[in-house]
Structures are given as C-alpha cells and as structure tokens.
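First the structure, in the form of structure tokens, and then the observations on it.
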Amino acid sequence: MKKKEMTITELKDQLGVWQEERNAIFETIKKESRKANEQEEKRLGEIAAEVAEAEYEIKLAEARNKQRPVAQKVQQPKGNLLARAIRSRLSGHMDDEVEALLEAGKRSMADSGVKANDGSLIIPMEYRGNFVSAQVTGDGTELITEDLLGILQPIRDSLVMVKAGATFLTNLKGNIGIPSYSGSSVAWADETGAAANGKGTFSKVELSPKRLTAYVDISKQFLAQDTLSTDAMLTQDLARAVAVKLQATILGKDATAANKPDGFFTGTPTYVVSGAASFANMIALETAVPVDEALVNNLAYITSVKGAGILKGTLRAASVAEGFILQNGQANGYPVYATTGMASGLQDGTDEEGIVFGNWADFVIGQWGALDITVDPYTQAGNGMVRLVINAFFDAKPRRKESFAVGSLK
C-alpha cells in the first residue's frame, strides 16, 4: 500500500505524538526503576527513525514551498500579528486573529503545567495558520500552511550549545526525568569460564521549568508598522533576548540558585587546565573526557570570543610551520564555537577565559509552555519606547557530567 502523504502541519503534529509516546516510555522506566526491556528499546528505536524521517520530509516540503513561485493565494495573514498583539494590549482592542493567537498560547501554557502571569500576553512559541489554497506554477492547486509566528527556531538557532550538538527538548509537560546510563563493560573469558556482570547503571537527570526573564525595548514608531518583515524582526529580537540570557547562564559562573540552571563555572568547578593557552592543554582537555564510555557524536569546544582569538594567535608548537591551535574553525580536528556568553574573568588574576570540551549530545536543554510577555508602556515612555518584559521557561543539565571537561586560558 502506498504511504499516505502528509502535510507539513500533519507531520509536525505527528512529531508531537511520538514525543509523548517516548516520554511515556521513559516515565514508565523511571517509575519502575529499571532499564528498558527489549520491546521498549525496539519501540524507542522505531520512534527515533520515524522522527528523523518526518523531520527530513518537513525540511524537504518547506524548501519546495519556498522554491515554487506562487501565482495566487486565497488567504493571507493580515500583517504584523505579534506587533498587533502588543498594540492590542496597549489599546485594549483585540481582533479575532490576535484572540486566536493568545488562546493558542494559553493552551500551550496550560498543557505545560506552568502558570502564566495575570494580565500578560501569552504568545505561543510556534503558531501556524489554517490551510491556504494556492495555485503553484507547474502544478495543480495545493494546500500549504502559513507559518504566522515561530519563536522556537530562532532561539534554537541562536544557542551555541545547540550548534555544537546539544539535545533540545521542546513543549515539555511538568518535570521530566532524563535517563542517564553509565555504560557497560566487556571482558574476555575462557571458553567455559563464567561471564562477568558487565551491565551499566541507570540513573536520571531531572529537568523542571525555571522562569527566565529578559526584556526588550522597542520604539513606538517601529511597533506601528504593519508588515510581515517587521514582525519577523521583532520575533528575532525576542528570541535573541531569551537565547542570550539562557546561554550566559549555562556557560556562566553565577552562584547556585533553585530558580535557575547551574552554569559550567558555577561554584568551584574542577579546572582540567588553566593559564597560558597551549596545544598540550587542549589535548589534556580532550583526554579528560572518557569518550569510550559516551555516545560520542558531537565532540566540540566552546569558549569565549576572546578565548577563540587567543587560540587563533597561539602556535601549536615553536615552529610557525606547525600552524596555530585554532584554524578554519577547528582545534586538533574538533569544532570550536565562540560566544560572548562564556564565563570570563576567571582564576586568581581574573584574566582567564572559560573553555569547555565535551560530547554536547549529552547536554539537554528543556523548554516549557509559551512566551509570557508583560507590555510596559511607562518605564521608557520618555524615550518613545515600549518595554517588553519576557518570561520563558527552560532548564538545562548534562546527562553525564563525565562527558565534559572545563578549563580556562589566557
């Protein structure tokens, strides 16, 4: 039987169904304090394959829709939906499209189990319009979806940890326990000798929603614009404000607090290396990660922008012919990512930059609910600005601390 073709919206909805099924399996394993049985492992593998295929189909369909010239469209969104929602809060007048947007945000927040602030705009992280009939040149009439608002993707794109390969879980519901496996061991034995117990140890890392707060000031003149391009820019600004704060926390050195994730440099981290940058120190960082025990597929360095500059100017060896430590975006064959969010001012001299090496697939970032926006027309009123106070809900932890090595350089 021919496989039924699905629209982009149907595929994305199906991804949510698979995510819930996967979470249910993990929850059962957690409650029963055991490892996955053969049937569960098989189903988890099937879900992973189905998710990969669906994500590929979505990318393919979105690329095809962008490339095909659209000759006629029956329905279009009426301009700047996000800015209209903000204007509606300022004026007190709300149209049907804005009401539908905010209702979707409230449903998303309720599903996550997170309580929103009274009086806030609750903006869904992703919001799509209804099917739109379109005549595509060279083809017949097709049904395509309108992506009216998408905040999650620009947040994801702005996170350097995700670029390095971190796991990003979205639309979570309540606290979630992420299974962590220490890895099994194997050994040789005589032909008739008893086999040693090589099973590893299951544990869990629990993520819970924590409120991240940031703000963006926008001009009233910009807010008055009614175009999709200004909507996209506003969405990018909101996403960047969230991503910058989240990234600085994860890679930072702020003190431990119950209402936020710990950073890699929180408290008194164990520095594998410190001091002047050297190729030997880079190798020491790499060898500190037990790559034989991790599911290694996303090994990379993350450091500060200044730290990357130091590595670009430091020779691998005394001879210039050996080249510099960081060349063409890599150090010793591993990608190097730079961000202003990385901790700096480290060690006694407060002159060293943070650097982390690890298997970033073992780092998990969780996201809950919608974007909670408080519209403040007063704080920056004298400057002709409106302040948007943003509340989003995230948590982030390594599944295996052994998968990461922390250092500093100057």
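Keep in mind that this is a model prediction, so the values were computed, not measured.
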**OP:** May I ask you to test the V406-T270 pair for a side-chain heavy-atom distance under 4.5 Å?
**Re:** no
Original post:
Who are the side chain to side chain donor-acceptor pair (under 3.5 Å) partners of D111, not counting sequence neighbours?
Top reply: none
Tell me which donor-acceptor pairs under 3.5 Å the side chains of residues 161-175 have, and how far apart each pair is, sequence neighbours excluded?
residue, atom, partner, partner atom, Å
T167, OG1, A361, O, 3.1

**OP:** Could you tell me the separation between the CG atom of L371 and the OG atom of S108, rounded to the nearest 0.5 Å?
**Re:** 10.0 Å
**OP:** Measure from NZ or CZ of R211 to the centre of the six-membered ring of F393 and say whether it is under 6.0 Å with the direction within 45° of the ring axis.
**Re:** no
Original post:
With a 3.5 Å cut-off and no angle check, do the side chains of N383 and Q380 form a donor-acceptor pair?
Top reply: yes
Subject >> Any side-chain heavy-atom pair of L81 and R84 under 4.5 Å >> reply: yes
Original post:
Taking atom types as modelled and ignoring hydrogens, do the side chains of Y301 and E286 form a donor-acceptor contact shorter than 3.5 angstrom?
Top reply: yes
Original post:
Are side-chain N/O atoms of S403 and N359 paired as donor and acceptor at under 3.5 Å?
Top reply: no
**OP:** Go through the side-chain N and O atoms of Q225 and T230 and say whether any donor and acceptor fall under 3.5 Å apart.
**Re:** no
**OP:** Please identify each residue that fulfils side chain to side chain donor-acceptor pair (under 3.5 Å) with K210, with sequence neighbours left out.
**Re:** S208, D395
**OP:** Please test E21 against R43 for salt bridge (Lys or Arg N to Asp or Glu O under 4.0 Å), starting from the C-alpha separation and ending with a verdict.
**Re:** CA-CA 10 Å; E21 183 181 356; R43 183 55 189 150; 2.6 Å; yes
**OP:** Not counting sequence neighbours, which residues clear salt bridge (Lys or Arg N to Asp or Glu O under 4.0 Å) with K306? List them please.
**Re:** none
**OP:** Examine the side chains of Q153 and D157 and answer whether a donor and an acceptor come within less than 3.5 Å of each other.
**Re:** yes
**OP:** Could you list the residues that satisfy side-chain contact (heavy atoms from CB on, under 4.5 Å) with D254, not counting sequence neighbours?
**Re:** K260
Original post:
R387: what forms a salt bridge (Lys or Arg N to Asp or Glu O under 4.0 Å) with it, not counting sequence neighbours?
Top reply: D217
Original post:
Taking only residues two or more places apart in sequence or in another chain, which ones pass salt bridge (Lys or Arg N to Asp or Glu O under 4.0 Å) with E55?
Top reply: none
Original post:
Sub-3.5 Å donor-acceptor pair from the side chain of S91 to the main-chain atoms of H93, do we have one?
Top reply: yes
Hey, can you pull the donor-acceptor pairs under 3.5 Å for the side chains in residues 234-242, sequence neighbours left out?
residue, atom, partner, partner atom, Å
T235, OG1, D231, O, 2.9

Original post:
Quick one: side chain to side chain donor-acceptor pair (under 3.5 Å) partners of Q247, sequence neighbours excluded?
Top reply: T339
Subject >> For E32, salt bridge (Lys or Arg N to Asp or Glu O under 4.0 Å) partners two or more places apart >> reply: R34
Original post:
Salt bridge or not for E206 and K204, using N-O below 4.0 Å?
Top reply: yes
Original post:
Side chains of K253 and T266: does their closest heavy-atom pair fall under 4.5 Å?
Top reply: no
Original post:
To the nearest 0.5 Å, how far apart are CG in N23 and CD in E20?
Top reply: 8.0 Å
Original post:
Does the separation of the ring centres of F404 and F357 fall below 6.0 angstrom?
Top reply: no
Subject >> D351 versus Q347, side-chain donor and acceptor atoms under 3.5 Å >> reply: no
**OP:** For this output row, return yes or no: ring centroids of W360 and F264 closer than 6.0 angstrom.
**Re:** yes
Subject >> Non-neighbouring partners of E99 that pass side chain to side chain donor-acceptor pair (under 3.5 Å), sequence neighbours left out >> reply: none
Original post:
With sequence neighbours left out, what residues match F26 under ring pair (Phe, Tyr, Trp, His ring centres under 6.0 Å)?
Top reply: none
